[in-house]
2 protein chains.
Amino acid sequence: MRAVELIRRKRDGLPLAPDEIVWLVRGIASGEVPDYQWAALLMAIVWRGLDDGETAALTQAMRDSGRTLDLSRFDQPKVDKHSTGGVGDKTSLILAPIVAACGALVPMISGRGLGHTGGTLDKLESIPGFNVRLSPQQLDRVLERCGLALAGQSDEIAPADRSLYALRDATATVESIPLITSSILSKKLAEGLDGLVLDVKTGDGAFFTEPHEARRLASTLSRIGNALGTRTVALLTSMDQPLGWSVGNVVEVRECLDTLRGSGPADLVELSLRLSAEMLVLAGIETDLRSAQSRARRALDDGSALERFRAVVEAQGGDPQIVDQPDRLPAAPVQHVVTAPRSGYLARLAARSIGHLTMQLGAGRPRVDSPIDHRVGLVLHRKLGEPIDQGEPLATIHAADPTAALHAAQQLLDLAIAIDDEPPPPAPLVLDRLA
Amino acid sequence: MRAVELIRRKRDGLPLAPDEIVWLVRGIASGEVPDYQWAALLMAIVWRGLDDGETAALTQAMRDSGRTLDLSRFDQPKVDKHSTGGVGDKTSLILAPIVAACGALVPMISGRGLGHTGGTLDKLESIPGFNVRLSPQQLDRVLERCGLALAGQSDEIAPADRSLYALRDATATVESIPLITSSILSKKLAEGLDGLVLDVKTGDGAFFTEPHEARRLASTLSRIGNALGTRTVALLTSMDQPLGWSVGNVVEVRECLDTLRGSGPADLVELSLRLSAEMLVLAGIETDLRSAQSRARRALDDGSALERFRAVVEAQGGDPQIVDQPDRLPAAPVQHVVTAPRSGYLARLAARSIGHLTMQLGAGRPRVDSPIDHRVGLVLHRKLGEPIDQGEPLATIHAADPTAALHAAQQLLDLAIAIDDEPPPPAPLVLDRLA
């Protein structure tokens, strides 16, 4: 095969055959297809797209470029969830213990945060001692002990995806639904899952702000996952305001502990239970979403999910005492309360701006190699549509120093919030379901 | 500047600023913009195009990536011609001596042939001793002695174009009108010309078979050349049948000598005189095309063009005796006459197929590094629309051995020609003029 002929074909809008895609992906590692040819091909794919057959072939080839987990010795059904990334999105830390407590195995392999959205691994690492770098043997032991594991992607999982992602990042070819689909699924399907739930965010704080694009991604993820033999459901969910009250790392872990104790913010509880219910149905533990949701709720109410969380913290080397004494988590030196400049209803709480200001505080990564300050972030005291009086606390900024806190407070007031006389119309959290 | 942001901008169909394009082109040599980023950018340009401002900036930046000729010590107006490549296109060897004989300076720097179209340098090198690799000093001396020079592109001319062309060739990004335009003009404008005529071919044997695409290229070449300060005219000309009777190297040089002696094929004479006339008007030697064409015709008729050709052959180390004794040129061992399989009118003489079969005989290069057999080729005895009787000579194949000759004869009859009862409607040679 000649790469230039395959690039030409895609450039002209014609499909590639599965064996051609396999050859191209193998060529990344072998060097037979140099990165400049892949770069041109990636841009042609952004332009012309990939059909489902091509997307499935690409996903499979990238998955098969590395190691896959063998969890066959575990009897439980294996399920996982992946989110396309949101501000304050911490559902993984809640639903993984819930679903494990309900009897499924959750081998959750996550990424780090980049840009204005946080990463599960960064949040977990704000727990002193918590180790996300698990060897296959360690992962196996944690899964056996807890029914769940919260680990980072090893270099052995889908290495072709890592190479291609770096190339996409350098060549402005990230924004392509088939490329995003194959990148997400190649890693998740390497976990050997029975079922996968995808939380595809849309709105101001999401990668795809436009619902129709996010819906196309959700639909493609669901079609390709199912075509490759893993039962896959995608929910389209709103990311117009941060999920829950807190955005950061330590502050989000605290909120997860509150939620696992039964006092979480309504939207976070709702979404965590809904995603848990989807996972339980895919796992075959429940047959319908309603009973699955009740079962998930019971795991929250009876403390069994919290116990799973405590177990996984301990199993992965973290300090389990933070579960009962969250004050053992590191705290930011400055806590600055921002008050409402006027009375009314909170009409805007722009997720993207809030994500950016917490990133600037040090809670997120502007670049892949940026350091993170786990202590900093922001806690909201009101959510969209709630009434507030002038001078009441609107949010608390957790910062490393007073200058950073003041800057963040100013950005919050200038860019992220609006208070109106009327409440905004209520908006649903789950917008669509694609299975 | 960050290359990825510029790629993103082009990907989204937005224009790049001139200084951004300069930075990108400089980044090729400096390594600051790696080839994979350029590859993605090239595909985005194939997709989104470049506007005139961008194309002009790219052309200038590529021209300025290397050395430009300083011909300011010559008093004559400096003009040149470039063809996008055709089968049997040998006008350079005829018009350069004509235009020089009429008083202009013609510093013609040409390329080698690739694929089914021939290259001027290859044709010249079929003259024993002819040296196309001239140092700047040698070029200067040849120009002084002859008023013309027929040289190859040195590595110092537009090196960015050479790098980009190799990358385009490997990434299926050759087919882009602004990229073709900047590649052609960056080299030609490095010659420091007052005027430039472009012969843009269209039809079966041309790079752009579709007239509307070729016209767009012609129009872009003319606009950008003029915008960059060189008076530029582009002719859109037909390449449905080979130009003249002969296709190859030695056979084409013989035909040029015949033409310079006044007995050339009608279409070759017509196009050579028309292009010469355009050059003479651009040079300011004549004010209108009609009188310029008469002057060019006189240079042919009075032998002054032939004397210029003899002078340049001698000045560049070639055997000047070939001018009076063309039999001194090397001849192919096998000359096989193909006869007409039926009587009628020649209705089809497919340029591309004829180009391919002469390439297979060894007259052209399937790859950049393929060797050339200057002796081989084909001489037609009839052109489109001419009557022929069954058994009359249709063409003579010049081949290295009988097997190759028979194969070429079969291809000619099977793929390239058709004889009908009626002559085809006459078609013009010059289809349009864009200035």
Side-chain angles (χ1 to χ4, degrees), chain A residues 1-16 20 24 27-28 31-50 114-115 160 162-180 207-210 213 366-368, chain B residues 1-16 20 24 27-28 31-50 114-115 160 162-180 207-210 213 366-368:
Chain A
M1 285 183 214
R2 290 186 62 215
V4 65
E5 292 308 324
L6 304 182
I7 301 168
R8 184 184 322 274
R9 194 118 52 79
K10 182 46 63 187
R11 180 201 73 186
D12 294 341
L14 300 170
L16 303 178
E20 292 168 338
L24 287 164
I28 299 170
E32 200 171 351
V33 183
D35 49 9
Y36 55 82
Q37 288 189 314
W38 255 106
L41 180 63
L42 288 168
M43 187 59 82
I45 290 172
V46 170
W47 173 10
R48 299 294 196 173
L50 294 178
L114 182 60
R162 206 165 31 260
S163 303
L164 277 190
Y165 193 85
L167 194 56
R168 287 167 62 201
D169 192 47
T171 56
T173 51
V174 169
E175 295 88 342
S176 152
I177 284 173
L179 293 178
I180 294 170
F207 183 82
F208 282 120
T209 53
E210 291 299 321
E213 287 186 296
R367 297 159 48 105
V368 183
Chain B
M1 285 184 215
R2 291 184 64 214
V4 65
E5 292 307 325
L6 304 181
I7 301 168
R8 173 168 296 129
R9 193 118 53 78
K10 183 45 64 187
R11 181 200 71 188
D12 294 341
L14 301 169
L16 303 178
E20 292 167 339
L24 286 164
I28 299 170
E32 200 170 351
V33 183
D35 49 9
Y36 55 82
Q37 288 189 313
W38 255 107
L41 180 63
L42 288 169
M43 186 59 81
I45 290 172
V46 170
W47 174 10
R48 299 295 197 173
L50 294 177
L114 183 60
R162 206 164 30 261
S163 304
L164 277 189
Y165 192 86
L167 195 55
R168 287 167 62 202
D169 193 46
T171 57
T173 52
V174 169
E175 295 88 340
S176 152
I177 284 174
L179 293 178
I180 294 170
F207 183 81
F208 282 120
T209 53
E210 291 299 319
E213 286 186 297
R367 298 160 47 106
V368 183

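Naming: A, B, ... by sequence-line order, numbering from 1 per chain. Both backbone and side-chain heavy atoms feed into the values below; hydrogens, waters and symmetry mates do not. Just so it is clear, the structure is predicted and the values come from calculations on it, not from any experiment.
Each side-chain hydrogen bond (donor to acceptor under 3.5 Å, both in side chains) pair with one or both residues in residues 165-177 of chain A, not counting sequence neighbours, appears once here: A:T171-A:T173, A:E175-B:R11.
Proximity to chain A is limited to the side chain of B:L167, based on heavy atoms less than 4.5 angstrom apart. Heavy atoms closer than 4.5 Å to chain A are found nowhere in B:L42, neither backbone nor side chain.
Counting heavy-atom pairs under 4.5 Å between each of A:V46, A:V174, A:D12 and chain B puts A:V46 at the top.
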Exercise for the section: Apply side-chain contact (heavy atoms from CB on, under 4.5 Å) to A:M43 and B:I7, showing your working. Expected result: CA-CA 10 Å; A:M43 187 59 82; B:I7 301 168; 3.4 Å; yes
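Scanning both residues, B:A39 and A:A39, for their nearest heavy atoms gives CB-CB, 4.1 Å.
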Donor-acceptor pairs under 3.5 angstrom involving side-chain atoms of residues 31-38 of chain B: please list them, not counting sequence neighbours.
{"from": "B:Q37", "atom 1": "NE2", "to": "A:A170", "atom 2": "O", "distance (Å)": "2.7"}
{"from": "B:W38", "atom 1": "NE1", "to": "B:L24", "atom 2": "O", "distance (Å)": "3.0"}

